[in-house]
S.K.: 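Shown below is the structure under consideration.
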Amino acid sequence: MKPYDMSVTVVPRYLPEQSDPARRQYVFAYTIRITNTGAHPAQLISRHWIITDGDERTEEVRGLGVVGQQPLLPPGESFEYTSGCPLSTPVGTMRGTYHCVGENGVPFEVDIPEFVLAMPRTLH
C-alpha cells in the first residue's frame, strides 16, 4: 500500500431534459467517487479537466476543490459528487487530474481516467 494514493471511478450520463440537439446543446452529468486507497489521510485541493468534444475541440478547466469542497479523506474513506458538462456535440470525452496533499504536506497528483460522454442512440 502506498502512503498516499486515491482511486477514481466515474459514471457519466446524458441529460435529455437539459439538452437541445436542434441547438447543438448536449448536457451530461457525471458522478465521481474518490477513495483514499493510501495509508494516510489526504486532501483534495484542486482539479484540472481536459474536455474534448466530437469535433476535437479541447477545453481545459481548472479550479479549487470539487463542487465547492476540498474533502479530507482518511484511509479507506470515499467522497462522491455529481457535476455536469455541456457539449456542442453528442459525443465527447473528459479526463484530468486531482491535485492532492498528504497529511505530511507533500503534494501528489491523481489521474482521472478518460471517460466518454455520449448521447444514447435512438431507434426510428
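Just so it is clear, the values below take in all heavy atoms, side chains as well, and ignore hydrogens, waters and symmetry mates.
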S.K.: Hey, could you give me the CG/OH distance between L117 and Y30, rounded to the nearest 0.5 Å?
M.R.: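 Here the interatomic distance stands at 8.5 Å.
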S.K.: Restricting to pairs with a member in residues 97-112, which pass salt bridge (charged side-chain N to carboxylate O under 4.0 Å, His left out), not counting sequence neighbours?
M.R.: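 Non-adjacent pairs meeting salt bridge (charged side-chain N to carboxylate O under 4.0 Å, His left out): zero.
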S.K.: Not counting sequence neighbours, which residues clear salt bridge (charged side-chain N to carboxylate O under 4.0 Å, His left out) with D5? List them please.
M.R.: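 Listed in chain order: nothing, the list is empty.
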S.K.: Return the minimal non-hydrogen interatomic distance between N36 and M6, and the atom names on each side.
M.R.: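 Between these two residues, the closest heavy atoms are CA-SD, 3.7 Å.
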S.K.: If the condition is ring-ring contact (aromatic ring centres under 6.0 Å, His included), which residues does H40 pass it with, not counting sequence neighbours?
M.R.: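 Expected list: Y4.
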S.K.: With sequence neighbours left out, write down each residue that passes salt bridge (charged side-chain N to carboxylate O under 4.0 Å, His left out) with R13, or none if nothing qualifies.
M.R.: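 Not a single residue meets the salt bridge (charged side-chain N to carboxylate O under 4.0 Å, His left out) criterion with R13.
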S.K.: Applying side-chain contact (heavy atoms from CB on, under 4.5 Å) to I50 and T58, what does each step give before you reach the verdict?
M.R.: CA-CA 7 Å; I50 300 167; T58 299; 3.6 Å; yes
S.K.: In chain order, what residues pass the ring-ring contact (aromatic ring centres under 6.0 Å, His included) check against F28, with sequence neighbours excluded?
M.R.: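 F28 satisfies ring-ring contact (aromatic ring centres under 6.0 Å, His included) with Y14 once adjacent residues are dropped.
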S.K.: Checking L44 against V66 for the side-chain contact (heavy atoms from CB on, under 4.5 Å) test, could you report, in this order, the C-alpha distance in whole Å, the side-chain angles of both residues, the deciding distance, and whether it holds?
M.R.: CA-CA 8 Å; L44 189 156; V66 290; 4.1 Å; yes
S.K.: To the closest 0.5 Å, what do you measure between CE (M119) and CG (L15)?
M.R.: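 If we round to the nearest 0.5 Å, M119:CE and L15:CG are 13.0 Å apart.
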S.K.: Let me see the working for Q25 and S19 under side-chain contact (heavy atoms from CB on, under 4.5 Å), right down to the final yes or no.
M.R.: CA-CA 5 Å; Q25 295 172 345; S19 299; 5.7 Å; no
S.K.: Evaluate side-chain contact (heavy atoms from CB on, under 4.5 Å) for V11 paired with T9, printing each intermediate quantity in order.
M.R.: CA-CA 7 Å; V11 178; T9 58; 6.0 Å; no
S.K.: If hydrophobic residues (ILVMFWY) are linked whenever their side-chain heavy atoms come closer than 4.5 Å, directly or via other members, who joins V116 in its cluster?
M.R.: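 Its cluster mates, by chain and number, are V91.
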S.K.: Starting at CD of Q70, measure out to CD1 of I45 and round the result to the nearest 0.5 Å.
M.R.: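 Reported to 0.5 Å precision, the distance equals 5.0 Å.
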S.K.: Side-chain donor-acceptor contacts of residues 71-88 below 3.5 Å, not counting sequence neighbours, with atom names and distances?
M.R.:
from: S78; atom 1: OG; to: T35; atom 2: OG1; distance (Å): 2.6
from: E80; atom 1: OE1; to: R33; atom 2: NH1; distance (Å): 3.1
from: Y81; atom 1: OH; to: Y98; atom 2: OH; distance (Å): 2.5
from: T82; atom 1: OG1; to: T31; atom 2: OG1; distance (Å): 2.8
from: S88; atom 1: OG; to: D53; atom 2: OD2; distance (Å): 3.4
from: S88; atom 1: OG; to: R57; atom 2: NH2; distance (Å): 2.6

S.K.: Among residues at least two apart in sequence or on other chains, which ones pass side-chain contact (heavy atoms from CB on, under 4.5 Å) with V61?
M.R.: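 With neighbours one apart ignored, the set is W49, I51, E59.
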S.K.: With sequence neighbours left out, write down each residue that passes salt bridge (charged side-chain N to carboxylate O under 4.0 Å, His left out) with E60, or none if nothing qualifies.
M.R.: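 Applying salt bridge (charged side-chain N to carboxylate O under 4.0 Å, His left out) to E60 gives R62.
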